[in-house]
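Please read the structure below before turning to the comments.
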Amino acid sequence: SLVARESTHHALPRRPPMATSAHRPPWLVPVGAAAAAVVVAGLAWRKLRGRSEEEAVLEALKRIDRAHQAPFSKPNELEYCAAVERWAVRLRRLAGEEISTTLRLGARAQHLERGAIPRKSYPEGRDPYLRWRAAVKKRQGQRVEEILSDLASSLGRSSVSRVKGLVAKSLPLRPHTAMSKGGGSDSLQAGDAEMQCIEDAACLVFLEQELKDGFAEGKDDAKMVDIFQKTWRKMSRLAHEQALTLEYSPRMLGCIAMAIAEVEAPPCERSRSLLPVPALSEETRQVLADTWACCISTSYADWGEAWYEELRQSPGYADELGKALSFPVCRAENIAKTVAGLISLLPATEEDQTTALDIGGASAPKSHFAQLLRAAALLAQMQVGLRLRHLDPLRVALVAAACKKGAAGLSGPDAEKRCFRAWEAFSYAVGGQIAPLLMLSDPTEDFAGAVATALPTPGAVPCAALLAAKGLGLVEMSLHILQRKRQGTGLASGGEASSSEVVVELGAWRSSACRAAGADAHAYCGFLAAAVFDTGGEERLARRTRWTRRCTEQPLIVADLALRGLQAAEVAVDQVKAGARSAIGDLLAGGSLLLESARLALKMADLNLEGASKGDLEDFLQQARDLHERCETLAGAWHRAVGRS
């Protein structure tokens, strides 16, 4: 068998010996090299071409993460971008969509190698800073394009180009319109949805993480309000909703509220002057501080829940207030933080309220306490439909929850009484800022409902003021109709100019009457806070005199405005009767309302003057006597004019 195998082996054809370089044909060398290159290139092409999009995305993410760890990258750059990516995923899911590959890569590559171009390589100043920012963003876009260039066959060249735009922030945002009363959905202009999503995510990371990492240290409230305004303007409505669910310190919550109010509130609301805050005594402010420390000894949320528990006992809570306060920003913790912020901002004297707070380019003496309250009231009005009639149950719940939780922070037999008086004073100091704002924007039905609550304002003087405003409006309307009829019949005369001037004056008086309604609400709440529930000896008497003057001044202003309108109505009776007979009924009604308004306002002024010292209010006593005399004279003239009609 061995012989057989050997013979068979020798029978097989032999391979020719391999040619040596000496015997190899000259044409074989370049052909072999070319074939090898083709094989290598083909293998590389097959490897790249065969990579799935998912594999390419994972490889891209690994490369981006490695770039974030480069020597000139900023500290925590990788953690920041991961947070931006998480928010981007969340925002897209809240919008009912999944995150795209380009958005995911663009979010992960934010702030890519941000330290590659040092800030010091550009001069100081605003313009050099903007040039530096533009150079950094341009480089970041080019860098991510470089990182992804050899993955373009799997990701798609258009996708790589789009990631570059998202990282360089060269794509347009989608701005939103201002918030309307009662909330409202986004109204988006043209822009890139994914670019807006990255901007939203970056803003939310700033609000959620960077504020906690000491960003606000060394920056005053005005600076933080300005930063928050710019941040809020860049965000979409969906991001706004998420921002209001985040946790903030009491100070930052107040700054954010002020910023949002400046951005969202109508110009007419932003331009209104802030009202003086009652300067509570040092004793009252100390009682508030001691009892509040006891209130939040466990947590802010614990006191907030106690406040809600008191509020739920108010009639109609489930049907109205409960629904309104279901908005995320109204959670218990934020209610307590708002109270904490207000207590810390209480002014010691009225002179302390002249700190300049430059917001929105307008620098004026402002009280941080009043600024925060106005912002909170505007947001509550726009977002949750806060009305003046809600103010009393909110105030009562505040006092009750504070006394139940905080009275233990005081000692002595009259601890509960001192606690109650201090929080009553505080609640009216708060109400004095909110009531005027809500009063001037409430519908008639809501205003009537507010009058019926146990809160002692709006009372007789605001009702007299709005009565005067309506009377002035009727007289103004009658003269408008007269002007139109004269113009329509071609009977316009030289007296038309004087009639137009009267119409303009009537409009100004009407606006002043409305402002007087709010000013009286503020004055009466201030009187209750500083002179009734607050404590103190001679200091309290001085505050009582100051706020009594404010309470007396407003009804005198209302009476004066009403009598001016009544005089204009008396003069117009014959003109309207002759030229616009259809409007005579409205004119007569307007004059009658003005006469009743003047009498009611003077009656309330008399009540304030009865218990006052002559030396303190002597000027108002004389003014009231003059107005009474003028009222009776005009009443006689008005009744004669009505008889002629």
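In this structure, the side chains of Leu238 and Glu241 come closer than 4.5 Å at one or more pairs of heavy atoms. The closest side-chain heavy-atom distance from Arg549 to Asp619 is below 4.5 Å.
Ion pair Arg550/Asp520 not flagged as a salt bridge, since none of the NZ, NE, NH1 or NH2 atoms sits closer than 4.0 Å to an Asp/Glu carboxylate oxygen.
Not a single donor-acceptor pair under 3.5 Å links the side chain of Thr453 to the backbone N or O of Gly449. Here the side chain of Lys219 pairs a donor or acceptor atom with the backbone of Phe215 at under 3.5 angstrom. Panel note: side chain Arg421, backbone Val532; a donor-acceptor pair is recorded below 3.5 Å. Side chain of His522 to backbone of Ala435: no donor-acceptor contact under 3.5 angstrom is found. With Thr231 contributing its side chain and Ile227 its backbone, the two residues share a donor-acceptor pair below 3.5 Å. Of the possible donor and acceptor atoms, none in the side chain of Ser297 sits under 3.5 Å from a partner among the backbone N and O of Ala293. Of the possible donor and acceptor atoms, one in the side chain of Asn334 sits under 3.5 Å from a partner among the backbone N and O of Val329. Side chain of Gln433 to main chain of Pro276: a donor-acceptor pair is present (N/O by atom type, distance under 3.5 Å, no hydrogens or angles).
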task = Would you sort out whether Ile335 and Tyr308 count as a side chain to side chain contact (heavy atoms under 4.5 Å, CB included), showing the intermediate values?
result = CA-CA 9 Å; Ile335 299 296; Tyr308 267 110; 4.2 Å; yes
message = If you apply the rule side chain to side chain contact (heavy atoms under 4.5 Å, CB included), what do you find for Ser314 with Val396, and how did you get there?
response = CA-CA 9 Å; Ser314 60; Val396 170; over 6 Å; no
message = What verdict does the side chain to side chain donor-acceptor pair (under 3.5 Å) test give for Trp509 and Glu476, after you've listed the backbone C-alpha separation in whole Å, the side-chain angles of each residue and the deciding distance to 0.1 Å?
response = CA-CA 10 Å; Trp509 297 338; Glu476 190 179 352; over 6 Å; no
task = May I have the step-by-step check of salt bridge (charged side-chain N to carboxylate O under 4.0 Å, His left out) for Asp200 and Lys234, ending in yes or no?
result = CA-CA 7 Å; Asp200 287 342; Lys234 293 188 292 184; over 6 Å; no
key: Check against side chain to side chain donor-acceptor pair (under 3.5 Å), His628 and Arg625   = CA-CA 5 Å; His628 272 293; Arg625 285 193 289 267; over 6 Å; no
key: Steps toward salt bridge (charged side-chain N to carboxylate O under 4.0 Å, His left out) verdict (Arg543, Glu539)   = CA-CA 6 Å; Arg543 291 196 303 269; Glu539 182 185 341; 3.0 Å; yes
query = Step by step, would you call Asp626 with Arg630 a salt bridge (charged side-chain N to carboxylate O under 4.0 Å, His left out)?
reply = CA-CA 6 Å; Asp626 293 343; Arg630 186 171 147 209; over 6 Å; no
request  = Please step through side chain to side chain donor-acceptor pair (under 3.5 Å) for the pair Thr548 and Thr545, ending with a clear verdict.
outcome  = CA-CA 5 Å; Thr548 299; Thr545 299; over 6 Å; no
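Between the NZ atom in Lys337 and the CZ atom in Arg251 there is a gap of 14.0 Å [rounded to 0.5 Å]. The CG atom of Leu288 lies 10.0 Å from the SG atom of Cys295; values are rounded to the nearest 0.5 Å.
With Glu424 as the partner, the salt bridge (Lys or Arg N to Asp or Glu O under 4.0 Å) test is satisfied by one option alone out of Lys417, Arg395, Arg418: Arg395.
The minimum heavy-atom distance linking Pro555 with Asn608 is given by the pair CG-ND2, 4.4 Å.
The aromatic ring centres of Tyr428 and Tyr524 sit 6.0 Å or more apart.
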